[in-house]
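Along the sequence shown, residues carry numbers from 1.
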Amino acid sequence: MSETQAPDYLGHRQRLRERFLKSQGRDMADYELLELVLTYTIVRRDVKPIAKALVKEFGSFAGVVNASYDELLSFKGISENTAVMLQLIKTAGLRMSWQNLQAQDAPVIKSVDELIDYCRACMAHQDIEELRVIYLDSKLRVIGEETLQKGTINNVAIHPREVIKAVLQNHAGSFVLVHNHPSGDATPSRQDIAVTKQIREAAECVNITLQDHIIIGKFGHFSFRAEGLF
């Protein structure tokens, strides 16, 4: 290659940008979208092999941006700047999704898909179980959320007293429970069903309504309300 000839990857990077601007990435494979992101933090290098290796390791574009900072840093070719950029993409997406959810004037249980999308983005790739509470006002609009408990790979302690206490402290008229199954299977366990009944009954005693309990898995979700368990 002569001194005046640009490296091949520079022309490829420009073509990637043009493709993205033309379709907003809709026609790009996961590794191609990730490759474009990497061009902004990794210079003077062909980043396609790194992008493909990341997608292979973590399963998808979503899997990559949901990887932990330490997992990303341990990957060959990933610097601190790149790891921060990937974490920033996740955080920006979650904030946009949450703000869109809060901006809705309609009752959240009538547009539950957006709530589920937000919860999946937050929790589907977690490697431990956690319990979140989504607080709603008297018109069933989202007013806040809280991660109430974090557990192990297959269990999170859900205490009805702590849930009701948190709902009252946040001045919510009703609420939605959300927890994840790191195994990927969102089917509720017997314990999930039993504790949901306990929490629902405890809430009714103080004139608060449990609107739904949603279980998030990598391969889907389960809604107690949608399945007729409420």
Check whether any side-chain N or O of R120 sits under 3.5 Å from a backbone N or O of G217 as a donor-acceptor pair, and report yes or no. yes
Is there a donor-acceptor contact under 3.5 Å linking the side chains of S189 and D192? yes
Between V108 and Q211, is there a side-chain heavy-atom distance shorter than 4.5 Å? no
For T196, does its backbone N or O pair with a side-chain atom of E201 as donor and acceptor, under 3.5 Å? no
Any non-hydrogen side-chain atom of H159 less than 4.5 Å from a side-chain atom of Q149? yes
Return the CD1 to CD distance between I134 and E146, rounded to the nearest 0.5 Å. 10.5 Å
Are T82 and L72 packed together at the side-chain level, in the sense that at least one heavy-atom pair is separated by less than 4.5 angstrom? no
Per side-chain contact (heavy atoms from CB on, under 4.5 Å), L115 is matched among V178, D212, L101 by L101
Which atom names give the shortest non-hydrogen contact between R200 and L229, and what distance separates them? NH1-O, 4.2 Å
If only side-chain N and O atoms count, and only distance matters, is there a donor-acceptor pair under 3.5 Å linking S60 with D30? no
In the single-linkage hydrophobic clustering (I, L, V, M, F, W, Y; side-chain heavy atoms under 4.5 Å), do Y40 and L38 co-cluster? yes
What is the minimum heavy-atom distance between M123 and H179, and which atoms define it? CE-CA, 3.6 Å
Give the intermediate values and the outcome of side chain to side chain contact (heavy atoms under 4.5 Å, CB included) for residues K56 and K52. CA-CA 6 Å; K56 182 178 180 180; K52 285 187 171 182; over 6 Å; no
Looking at A51 and L34, what are the two nearest heavy atoms and their distance? O-CD2, 3.7 Å
Single-linkage hydrophobic cluster, 4.5 Å side-chain cutoff, V84 and V37 together: no
Name the orientation class of the two ring planes belonging to H213 and F224 (parallel below 30°, tilted from 30 to 60°, perpendicular beyond 60°). parallel
d(F61 CZ, N66 CG) to nearest 0.5 Å is 10.0 Å
Note: Y118 and S97 closest approach over all heavy atoms is CB-OG, 3.4 Å
Hey, does I128 have a side-chain heavy atom less than 4.5 Å from the side chain of K150? yes
Test side chain to side chain contact (heavy atoms under 4.5 Å, CB included) on I143 and L136 and set out the steps. CA-CA 5 Å; I143 57 173; L136 310 177; 5.7 Å; no
Derivation and outcome, side chain to side chain contact (heavy atoms under 4.5 Å, CB included), residues F175 and L210: CA-CA 5 Å; F175 63 104; L210 172 57; 3.4 Å; yes
Inter-residue atom distance H221.NE2 - C119.SG, 0.5 Å rounding: 10.0 Å
Output the distance between atom CG (L33) and atom CZ (R19), rounded to the nearest 0.5 Å. 10.0 Å
To the closest 0.5 Å, what do you measure between CD (E114) and CD1 (I116)? 11.0 Å
Identify the heavy atoms of P182 and E129 that sit nearest to each other, and give their distance. CD-CG, 3.3 Å
Is there a continuous path of hydrophobic side-chain contacts, each under 4.5 Å between heavy atoms, that joins L73 to L86? no
Applying side chain to side chain contact (heavy atoms under 4.5 Å, CB included), run through H125 and V65 and close with a yes or a no. CA-CA 10 Å; H125 293 272; V65 299; over 6 Å; no
Out of curiosity, F219 CZ to H181 NE2, how far, rounded to the nearest 0.5 Å? 13.5 Å
Determine the minimum heavy-atom distance between S174 and I208, stating which atoms define it. CA-CG2, 4.0 Å
Scan side-chain atoms only and decide if S183 and D185 contain a donor-acceptor pair under the 3.5 Å cut-off. no
State plainly whether one hydrophobic cluster holds both I78 and Y69, where clusters connect Ile, Leu, Val, Met, Phe, Trp and Tyr through side-chain heavy atoms under 4.5 angstrom apart. no
Taking atom CD of E80 as the centre, report whether more than 12 heavy atoms of other residues, nucleotides or ligands fall under 6.0 Å from it. no
Is it possible for you to say whether M96 and L94 belong to one hydrophobic cluster, with membership spreading through side-chain heavy-atom contacts below 4.5 Å? no
Could you check whether any side-chain N or O of N180 sits under 3.5 Å from a backbone N or O of I216, counting only pairs where one atom can act as donor and the other as acceptor? no
Take atom NZ in K90; do more than 12 heavy atoms of anything else shown fall under 6.0 Å from it? yes
Side chain N170, main chain A172, donor-acceptor under 3.5 Å: no
Looking only at atom types and distance, does a side-chain atom of T91 sit under 3.5 Å from a main-chain N or O of Q87, one as donor and one as acceptor? yes
With a 3.5 Å distance limit and no angle check, can you tell me whether E32 reaches the backbone of A29 through a side-chain donor-acceptor pair? yes
